[in-house]
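Note that ligands are numbered from 1 as they come in the structure, with each ligand's atoms numbered from 1 the same way.
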Amino acid sequence: MADSRSDEINSSCNKRRLEANLVLENENEECKKMKYEAMNDFQLVKILAEDARNKTLILHLQNKVEHKDAVSILEKTPFSNKMVDTILSSDVKMELQFNNDIYSQFLCKFPEEINFVKNTLIYPATEKHLNKYSAQRTYLVTETPDIYQKVTLPFIEEQAGHLQWVYNILEKKAEADRIVCEDPHPEHGFILLPDLKWEQTQLNNLYVMAVSYKHGIKTLRDLNATHLPLLKNILKQGTVRNNQMSGFSNVLYCRPTSILGFHMASRGGQGSVSREAILKTYNVHPSQLRVFVHYQPSYYHFHVHFTHVEYDAPGSVVGRAHLLQDIIDNIENFDSNYYAKKTLQFNISEKNKLFSRLKTAGIV
Ligand code: GTA
């Protein structure tokens, strides 16, 4: 019985993994008419970046018919313990690279069912995307409240047009089937769903995001005591309950997380709590979650990142990530306007337009 359930879930996971992780920014679900079906609908313009450690390759492509730019972020998916049987099967060919005493190195060709590459495709991609994903130098900026008002804030106010994908999530025009939980309250409600960066095959690189229903919170700088109910609601300590999915260990067999999430949101009507939702959905305990906010974020609508604490997630570094618990503590116990007054340091890449503004102003 358990085996047939696993097979069923595995086959549905495999199907989902085979589907490219396609993102159409600025377009809603109805507009999602594929202008591409395969990678050979595109031609290479340039390799933007490659990273041997993270096993990623980022390509600037162009659609052969429409001649519009695309960015393809290719990332080898992590191993899962479900793959071990296949890895140890006799089908796997080992090609010896070298041998020295007790040390040998082989190249192995694994069967395609355990050999996935996640492809995040941004199409059509803007100049901003091309700049963002190009290999480039990074600088550390020291931003006083005064610099924020004079340089950063005017820049942020010009970026309003890049949030269609966020509104699609909030209006359930996209990714509605991926929602883990929802609290529809307009002031302190949010939608919790898997982040674009997570291919959902493994829990040890879990990456989930809470998107606030409330509009107008551009960044950490805007947060004050009036937002404490929102921040606490998003963070709220999950209580350990009997887990209906006790079979879950390291490997995510699931879906339908969304069905569970919707039930949680609609049944009680009392608001969901995200760490509890993550515990119930994925069986990852609150103490295994790193919950943080980016400064600077890439998108100026309030959202919170949840990653597995053992995952060295992109953007979880000093100079970018601010733990939500620290944010709550600073606002609640130090100063309601802590972040409006604080000098903040952040990493910024040289092709980011904000970097040019800061440079022109003599800040970097
Ligand atoms: N569910 O459509 C979306 C979507 N979009 C467009 C962005 N996100 C989305 N999630 C869903 N659906 O975590 C997610 C992003 C990000 C968050 C926004 O929203 O994945 P942020 O505003 O703080 O910006 O958060 P952040 O974290 O810098 O995101 P960004 O800029 O996308 O990524 C930072 C770095 O991570 C990149 O420079 C790159 O090195 C790396 N990276 C980005 N995307 C991927 C990817 N798909 N796979 C691997 N690494 C990636």
- Could you tell me whether some N/O pair between K118 and ligand 1 is separated by less than 3.5 angstrom? yes
- Pairwise distance CG(L196) to CD1(I73) - rounded to 0.5 angstrom: 7.0 Å
- Any idea which of A49, A321, P314 brings a heavy atom closest to atom 41 (C) of ligand 1? P314
- Message: If we set the cut-off at 4.0 Å for heavy atoms, which region of P194 has an atom near ligand 1: side chain, backbone, both, or neither?
- Response: backbone
- For atom 14 (C) of ligand 1, which of D195, I73, T219 has the closest heavy atom? D195
- Item | Atoms in ligand 1 with a heavy atom of S298 nearer than 4.0 Å | 21 (P), 22 (O), 23 (O), 24 (O), 26 (P), 28 (O), 29 (O), 30 (P), 31 (O)
- Message: Using side-chain heavy atoms (C-beta onward) and a distance below 4.5 Å, is E143 in contact with Y295?
- Response: yes
- Query: When the ring centroid of H215 is compared with that of Y167, is the distance short of 6.0 Å?
  - Reply: yes
- Query: So which bit of L196 gets within less than 4.0 Å of ligand 1, heavy atoms only: side chain, backbone, both or neither?
  - Reply: both
- Query: Heavy-atom contact under 4.0 Å between Q296 and ligand 1?
  - Reply: no
- Query: Heavy atom under 4.0 Å from ligand 1: found in W165's side chain, backbone, both, or neither?
  - Reply: side chain
- Give a yes/no on ligand 1: does Y207 have at least one heavy atom closer than 4.0 angstrom to it? yes
- Query: Taking the six-membered ring for Trp, are H294 and H305 parallel (under 30°), tilted (30 to 60°) or perpendicular (over 60°)?
  - Reply: tilted
- Message: Tell me which one of K128, R357, K353 satisfies salt bridge (charged side-chain N to carboxylate O under 4.0 Å, His left out) with E158.
- Response: R357
- Query: Hey, which atoms in ligand 1 end up nearer than 4.0 Å to a heavy atom of E75?
  - Reply: 48 (N), 49 (C)
- Query: Does D41 reach the side chain of V65, with side-chain heavy atoms less than 4.5 Å apart?
  - Reply: no
- Task: Please identify which atoms of ligand 1 are closer than 4.0 Å to at least one heavy atom of P297.
- Result: 22 (O), 23 (O)
- Task: Could you tell me which atoms of ligand 1, counted from 1 in the order shown, lie closer than 4.0 angstrom to a heavy atom of Y133?
- Result: 32 (O), 43 (C), 44 (N)
- Would a 4.5 Å heavy-atom cut-off, applied to side chains only, mark Y133 and T56 as touching? no
- Item | Contact check: T56 vs ligand 1, nitrogen or oxygen atoms, below 3.5 angstrom | no
- Message: Using a 4.0 Å cutoff against the non-hydrogen atoms of R178, which atoms of ligand 1 qualify?
- Response: 1 (N)
- Query: Given E199, R320, H294, E175, which one has a non-hydrogen atom that is nearest to atom 28 (O) of ligand 1?
  - Reply: R320
- Do the ring planes of Y338 and F334 sit parallel (below 30°), tilted (30 to 60°) or perpendicular (above 60°)? tilted
- Which ligand 1 atoms does H303 reach within 4.0 Å, using its non-hydrogen atoms? 18 (C), 21 (P), 22 (O), 23 (O), 25 (O)
